[in-house]
A.B. asks: 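Below is the structure I would like to discuss, written out as structure tokens.
It should be emphasised that the depicted structure is a prediction, and the values quoted were computed from it without experimental measurement.
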There are 2 protein chains.
Amino acid sequence: MNQPKKLNTPSVAPIKCSQCPIRHRAVCARCDDDELEILESMKSYKTYAAGDVILWRGEPLEFVASVVTGVATLSKTMEDGRTQMVGLLLPSDFIGRPGREQIEFDVTATVDVTLCCFDRPRFESLVCETPHIAQRLMELALDELDAARDWMLLLGRKTAREKIATFIEMLARRSSHGQDGSKDVIDLHMTRDQIANYLGLTLETVSRQFSALKKDGVIDFSDRKHFTVEDIAALQDETGDDADGGVVY
Amino acid sequence: MNQPKKLNTPSVAPIKCSQCPIRHRAVCARCDDDELEILESMKSYKTYAAGDVILWRGEPLEFVASVVTGVATLSKTMEDGRTQMVGLLLPSDFIGRPGREQIEFDVTATVDVTLCCFDRPRFESLVCETPHIAQRLMELALDELDAARDWMLLLGRKTAREKIATFIEMLARRSSHGQDGSKDVIDLHMTRDQIANYLGLTLETVSRQFSALKKDGVIDFSDRKHFTVEDIAALQDETGDDADGGVVY
DNA sequence: CGTGAGATTGACTATATTCAACCCTAGTGG
DNA sequence: CCACTAGGGTTGAATATAGTCAATCTCACG
């Protein structure tokens, strides 16, 4: 953010896989040293500045990649401009799929992003030869599928207030710095418009619901991008989800 | 339907994998004869009558399975009863995931269903040893992920009319018997309520939109469960999707 | 200090939901 | 054989929720 905006650098000096921050969570998580060496030899890094489009929908998919740092979004846009985010990519998440020539949605960097890229055809043959990669890719896909299904419930059935509460609770859980119960300052590194596209709302409705939750003492904004959760219990009540996360009868 | 309702039979006589109707599409699609023999020895069939619940959310997941015949749905229900379908399982689709003890949603048979089941722990070790299974499972998961993401756009951004048009077009495409352009009678084997839960609407809205499309001459109902598409072009216009399926600039 | 992108707020409107009455139709039992 | 019933389905009227349009505000940045 406070760094100068850099142009879309085609590749930067790679770090060693063994020291990679996503080594044990990304597509390479199950790989042994030999397999890692193959990946090491074919990987290249690319960086994108906040706001850059990483891939356009329909574009031929020349590489697949893991997110090393930063956050990217997947989104679909209709002819008349209505758009819906269909996924959030955090470090260790995977972009692209073996066997597909094109990508079905736009991929955009919301903050500065570094990708660890692999040439798609070469990666595809590697998937066939290296069971550890297919296994991990399966796990990643199934995890994303679970997340997508939770999101479908939100999009199809939750009210605006429930959507916002769910979103905030997700952020709160994700950014809880160690000790529980503390009122961390949470960074909302998205615009109201992006949040609206994520939740299937308009930006005005997002703004109104934030204001309402603030008025009700559930959250408090220090500025437009930073807030604290004042009443976690109330927040969880508002999400519409079961109390303990799903296993209630 | 016209057969007597049978009780939930724990297992029925299995057919040979080599003659299985889903042999080349299911999780076993890439398996060679040796691998198939292992699967053959551990599989068992279960059948469920239309309306039966196959698995309840939160239930310990003792088996994983492929759908051999019939249709099942995945759905999530909120405390107050609002429910959202999050997936449709057709023959060759897979239920359950290795590495998860519990299932996150209800699985229900909408018509009579036959499953090809595998004991979960044994299947999990097989996934580790048999790359062809992990590869195929990855492909199936990625396909479902693509479908889930299309559905997210529908749920988050489409109007009631667009949702219904998309739904009908999906049915029309799926049940087109060979020659294109013919007016096939399409079987709507779901109630208005189930359709509503699928599309994130109420059953009244579903009914109203069907009536409106009929009045506009786009579709025609012979009875409540059967209709024909009278104007495919108009139907596609109403879906809100791009004309040729997505790759337009 | 001016500018512009993003955010907030208000007034009005549209869309889909809710509530309720009524209608089919298939299946049941007298 | 026919009337009754129940589970879906349709339709209408009133309502609520979120969307649209528009004015104003805030704040970071040049």
A.B. asks: What pairs of nitrogen or oxygen atoms, one from the protein and one from nucleotides 10-12 of chain C, lie under 3.5 Å apart?
C.D. replies:
residue, atom, partner, partner atom, Å
dG10(C), N7, R208(A), NH1, 2.9
dG10(C), O6, R208(A), NH2, 3.3
dA11(C), N6, R208(A), NH2, 3.4

A.B. asks: From M78(B) CE over to L153(A) CG, what is the distance, rounded to the nearest 0.5 angstrom?
C.D. replies: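 Rounded to the nearest 0.5 Å, the CE-CG separation comes to 5.5 Å.
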
A.B. asks: I'd like to check Y45(B) versus I15(B) (side-chain heavy atoms, cut-off strictly below 4.5 Å). Are they in contact?
C.D. replies: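 SC-SC contact between Y45(B) and I15(B) confirmed.
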
A.B. asks: Report, as yes or no, whether the 6.0 Å neighbourhood of atom CZ on R25(A) holds more than 12 heavy atoms from other residues, nucleotides or ligands.
C.D. replies: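 No, because the 6.0 Å sphere around CZ of R25(A) holds 12 heavy atoms or fewer from other groups.
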
A.B. asks: So, T110(B) side chain and V71(B) main chain: donor-acceptor pair closer than 3.5 Å or not?
C.D. replies: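 Judged by distance alone, yes, a pair lies under 3.5 Å.
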
A.B. asks: Which residues in residues 157-165 of chain A have a heavy atom closer than 4.0 Å to any atom of DNA chain D?
C.D. replies: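 Residues of residues 157-165 of chain A under 4.0 Å from DNA chain D: T159(A), A160(A).
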
A.B. asks: Sequence neighbours left out, cut at 3.5 Å: what donor-acceptor pairs do the side chains of residues 198-210 of chain A make with other protein atoms?
C.D. replies:
residue, atom, partner, partner atom, Å
T202(A), OG1, T205(A), N, 3.4
T202(A), OG1, T205(A), OG1, 3.0

A.B. asks: Please evaluate residues R174(A) and D187(A) with respect to the criterion salt bridge (charged side-chain N to carboxylate O under 4.0 Å, His left out), reporting the C-alpha separation (whole Å), side-chain torsions for both, the decisive distance (0.1 Å), and the verdict.
C.D. replies: CA-CA 11 Å; R174(A) 187 164 280 160; D187(A) 186 348; over 6 Å; no

A.B. asks: Could you tell me the boundaries of the chain A footprint on DNA chain D, defined by atoms under 4.0 Å from its heavy atoms?
C.D. replies: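 In short, chain A contacts DNA chain D from dA18(D) to dT26(D).
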
A.B. asks: So, the side chain of R157(A) versus the backbone of T83(B): is there a donor-acceptor pair under 3.5 Å, distance only?
C.D. replies: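 Side chain of R157(A) to backbone of T83(B), a donor-acceptor pair under 3.5 Å: yes, one is there.
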
A.B. asks: Determine the contact category for T205(B): base if any of its heavy atoms lies under 4.0 Å from a base atom, sugar-phosphate if only primed atoms, P, OP1 or OP2 are that close, otherwise nothing.
C.D. replies: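 Since a base atom lies under 4.0 Å of T205(B), the category is base.
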
A.B. asks: Without placing hydrogens or testing angles, list every side-chain donor-acceptor pair under 3.5 Å for residues 214-222 of chain B, not counting sequence neighbours.
C.D. replies:
residue, atom, partner, partner atom, Å
D216(B), OD2, R161(B), NH2, 2.5
S222(B), OG, H226(B), O, 3.2

A.B. asks: Any base atoms under 4.0 Å from L203(A), or only sugar-phosphate, or nothing? Heavy atoms, all strands.
C.D. replies: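 Base, at least one base heavy atom under 4.0 Å.
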
A.B. asks: Looking only at heavy atoms, which two atoms of V68(B) and L115(B) are closest? And how far apart?
C.D. replies: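 Looks like CG2-C, 4.1 Å.
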
A.B. asks: Which atom pair, heavy atoms only, marks the closest approach of L88(A) to D93(A)?
C.D. replies: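 Heavy atoms of L88(A) and D93(A) come nearest at O-OD2, 3.6 Å.
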
A.B. asks: Does a side-chain heavy-atom distance below 4.5 Å link T73(A) with N197(A)?
C.D. replies: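 No, too far: nothing below the 4.5 Å cut-off.
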
A.B. asks: Please determine whether salt bridge (charged side-chain N to carboxylate O under 4.0 Å, His left out) holds for the pair E144(A) and R149(B), giving the CA-CA distance in whole Å, both sets of side-chain angles, and the decisive distance to 0.1 Å.
C.D. replies: CA-CA 10 Å; E144(A) 279 206 70; R149(B) 283 171 171 158; 2.5 Å; yes

A.B. asks: Can you tell me the distance, in whole Å, between the CZ atom of R192(B) and the C1' atom of dA16(C)?
C.D. replies: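 Taking atom C1' of dA16(C) as the reference, CZ of R192(B) is at 18 Å.
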
A.B. asks: Which of residues 209-226 of chain B have a heavy atom under 4.0 Å from DNA chain C?
C.D. replies: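 Those residues are R224(B).
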
A.B. asks: What's the spacing between R82(B) CZ and K76(B) NZ if we round to 0.5 Å?
C.D. replies: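 It comes to 14.5 Å.
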
A.B. asks: Rounded to the nearest Å, what distance is computed from the CZ atom of residue R82(B) to the P atom of nucleotide dT18(C)?
C.D. replies: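 These atoms are roughly 9 Å apart.
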
A.B. asks: Whole-Å distance between dG6(C) P and M190(A) CE?
C.D. replies: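 The answer, rounded to whole Å, is 14 Å.
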
